[in-house]
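Contents: one structure, followed by commentary.
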Amino acid sequence: MALSRIWSAFIIVAIVVASIKCFFFGQTDIFSWMVIGKADDAANPLKLDGIIQTCWVSVELCLKLIGILALFMGLMSIAEKAGGIRLLSKIVGPFFSKLFPDIPKGHPSMGHMIMNFSANLLGLDNAATPFGLKAMESLQELNPTKDTASNAQIMFLCLHAAGLSLIPVSVIAIRASQNASNPTDVFIPCLIVTFVGTMAAMLIVSFKQRINLFQPVVIGWILGLSIIIASLVLYIRSLNAAGIQSFSGLLSNGLILFIFFIIILGALYKKIDVFDAFIDGAKDGFKTAINIIPYLVGMLVAISLLRTSGTFDVVINEIKSVFVYLGTDTRFVEGLPTALIRPLSGGAARGMMVSTMETYGADSFASRLSGVFQGASDTTFYVVAVYFGSVQIKNTRYAIGSMLLADLVGVCTAIGVCYLFFG
């Protein structure tokens with residue numbers, strides 16, 4: 001029900017704003033661009049895709065996902081049949097059993113979730129999505145009410161959407177391409193913000209589900225993770241921009257190949273019919289990609305209307321006016337467009353970040369803040385549409401509210417950290 005209300009609000013607000021612009025400010029062509037506009041059309045003043053083009057883009061995105069989902073779900077099928085997922089579940093079981101008390105000990109979903117979190121940590125978006133969808137599928141098997149999100153599914157998605165990531169490689173690469181004097185200066189702020197956002201998501205959902213986090217196992221795992229991250233921070237700080245990108249590529253891509261190697265080797269040792277197991281999983285990947293098309297089209301069309309109607313511009317201008325009236329520093333407002341659109345669209349947020357750099361300069365406070373926003377969270381509504389859509393969940397309960405609250409904590413933390421680091 002919450003998702004239905006939000007989706008309806010997006011569309012209604014966007015059309016109302018566009019109508020005001022059309023009938024009161026003389027922008028008579030805005031309706032046309034909202035419907036049939038193309039971002040690459042030189043005559044399009046909005047430089048954004050309308051709803052028709054967005055529908056095509058949504059389907060194209062799902063078609064591109066088919067190959068990736070087929071590959072990784074095929075490998076997950078091999079790992080499951082070889083017992084690798086059960087082994088991973090036993091390793092993380094003591095910690096996850098506290099966060100996910102409704103999941104039976106040794107359930108495969110534990111392994112799927114840790115694979116998803118690991119891929120997110122290393123910035124492996126292409127791998128994180130299939131692992132996450134497989135986790136949702138496993139959790140759905142335990143869900144007594146199939147059209148309503150379970151506690152475990154909400155906890156998983158909120159932690160996933162918080163986007164704990166080690167190295168924001170794409171942000172660093174874009175800053176380098178914009179000739180920033182120190183492209184890597186957003187690395188530590190991004191890591192701090194994603195860590196705080198993840199802890200906030202954990203606390204918010206735990207409070208709602210009455211989970212006691214003050215247990216030795218939970219505290220021990222969090223402290224251990226903090227030590228690992230701190231150690232990597234100390235090492236990465238000694239590298240330059242090229243060194244960071246090289247290290248990230250070696251760590252992330254090397255890990256993917258290592259996972260492939262271990263899964264295949266383990267399956268051969270267990271005498272599993274490897275290729276048949278792969279095909280079984282790959283078929284599920286194809287079905288999943290097709291199932292999420294309606295959910296993705298619906299969400300991206302609503303987001304497209306918000307963007308093309310100029311609603312974001314109205315919100316930003318009003319926020320800036322408030323802080324100008326209060327007499328506070330308003331530099332952070334110039335970076336807010338990235339934060340506001342990040343929960344809706346990763347590509348749009350990336351475009352906002354680049355636009356901010358081109359407008360204010362790559363070394364400006366607004367550009368650095370925009371980079372931290374881009375590297376410090378996931379696309380909340382995309383996650384909701386894809387992950388809940390993959391298992392036909394209609395009632396998301398308090399999931400969206402929890403994710404947005406964690407996003408807000410991340411935004412506030414990002415602003416504070418950037419003032420601390422960049423003045």
Side-chain angles (χ1 to χ4, degrees), residues 76 79 83-124 127-128 131-132 134-136 138-139 142 150-167 188 190-236 251-252 255 258-259 262 376-378 383 387 399 402-403 405-407 409-410 413:
M76 291 291 283
I85 299 298
R86 286 194 299 273
L87 176 62
L88 198 56
S89 300
K90 290 180 181 178
I91 295 173
V92 299
F95 174 55
F96 271 29
S97 64
K98 306 301 181 184
L99 291 184
F100 302 91
D102 298 334
I103 299 179
K105 184 177 179 180
H107 192 268
S109 59
M110 295 285 193
H112 298 151
M113 286 190 287
I114 197 62
M115 294 288 280
N116 171 264
F117 294 143
S118 299
N120 260 342
L121 185 66
L122 295 171
L124 306 176
F131 292 147
K134 190 65 177 178
M136 285 295 286
S138 297
L139 292 173
L142 301 172
S150 67
N151 285 350
Q153 287 173 323
I154 293 173
M155 174 65 85
F156 166 63
L157 272 198
C158 286
L159 293 177
H160 170 82
L164 179 60
S165 180
L166 180 61
I167 307 173
I188 294 178
C190 281
L191 186 58
I192 292 172
V193 174
T194 56
F195 186 73
V196 171
T198 301
M199 292 300 103
M202 186 185 300
L203 289 170
I204 291 166
V205 179
S206 294
F207 175 78
K208 190 72 177 177
Q209 297 181 3
R210 298 182 180 179
I211 297 173
N212 178 20
L213 294 179
F214 297 98
Q215 302 180 64
V217 172
V218 176
I219 294 174
W221 272 80
I222 292 175
L223 286 176
L225 181 60
S226 301
I227 291 171
I228 292 172
I229 290 175
S231 301
L232 287 169
V233 166
L234 291 175
Y235 172 69
I236 292 172
L251 184 64
S252 58
L255 183 61
F258 176 73
I259 290 171
I262 290 297
S377 65
D378 209 330
V383 167
Y387 283 72
S402 299
M403 290 182 197
L405 184 55
D407 285 344
V409 171
T413 303

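In this chain, residues are counted from 1 in sequence order. Everything numeric in this text was worked out from a predicted model, so none of it was measured.
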Is there a side-chain contact (heavy atoms from CB on, under 4.5 Å) between I222 and M199? Walk through the geometry before answering.
CA-CA 9 Å; I222 292 175; M199 292 300 103; 4.1 Å; yes
How far apart are the C-alpha atoms of L159 and M113, what are their side-chain angles, what is the distance that settles it, and do they pass the side-chain contact (heavy atoms from CB on, under 4.5 Å) test?
CA-CA 10 Å; L159 293 177; M113 286 190 287; over 6 Å; no
Rounded distance [0.5 Å steps], CE in M155 versus NZ in K208:
13.0 Å
Roughly how far, to the nearest 0.5 Å, is the CD1 atom of I154 from the CD1 atom of I204?
13.0 Å
Value rounded to 0.5 Å, distance of CG in N151 from OG in S206:
10.5 Å
Listed by chain and number, what are the side-chain contact (heavy atoms from CB on, under 4.5 Å) partners of I228, not counting sequence neighbours?
L232
Could you check M202 against I211 for side-chain contact (heavy atoms from CB on, under 4.5 Å), going step by step and ending with a plain yes or no?
CA-CA 10 Å; M202 186 185 300; I211 297 173; over 6 Å; no
Which is it for L139 and I103 under the side-chain contact (heavy atoms from CB on, under 4.5 Å) test, yes or no, and what are the steps along the way?
CA-CA 8 Å; L139 292 173; I103 299 179; 3.4 Å; yes
SG (C158) and CD (Q209) are apart, to the nearest 0.5 Å, by 8.5 Å
Quick one, F156 with F117, criterion ring-ring contact (aromatic ring centres under 6.0 Å, His included). Give me CA distance, side-chain angles, the key distance, then yes/no.
CA-CA 9 Å; F156 166 63; F117 294 143; 5.6 Å; yes
Smallest separation among heavy atoms of S97 and P94, with atom names:
OG-O, 3.0 Å
In short, side-chain hydrogen bond (donor to acceptor under 3.5 Å, both in side chains) pairs touching residues 215-232 with sequence neighbours left out are none
Any side-chain hydrogen bond (donor to acceptor under 3.5 Å, both in side chains) involving residues 101-112? Give me the pairs, sequence neighbours left out, ordered by first then second residue.
H107-S109, H112-S138
So NZ of K98 and CG of L213: to nearest 0.5 Å the spacing works out to 11.5 Å
Can you tell me how far the CZ atom of F100 sits from the CG atom of L142, to the nearest 0.5 Å?
12.0 Å
Residue pair L225 / F195: nearest heavy atoms and the distance that separates them
CD2-CE1, 4.4 Å
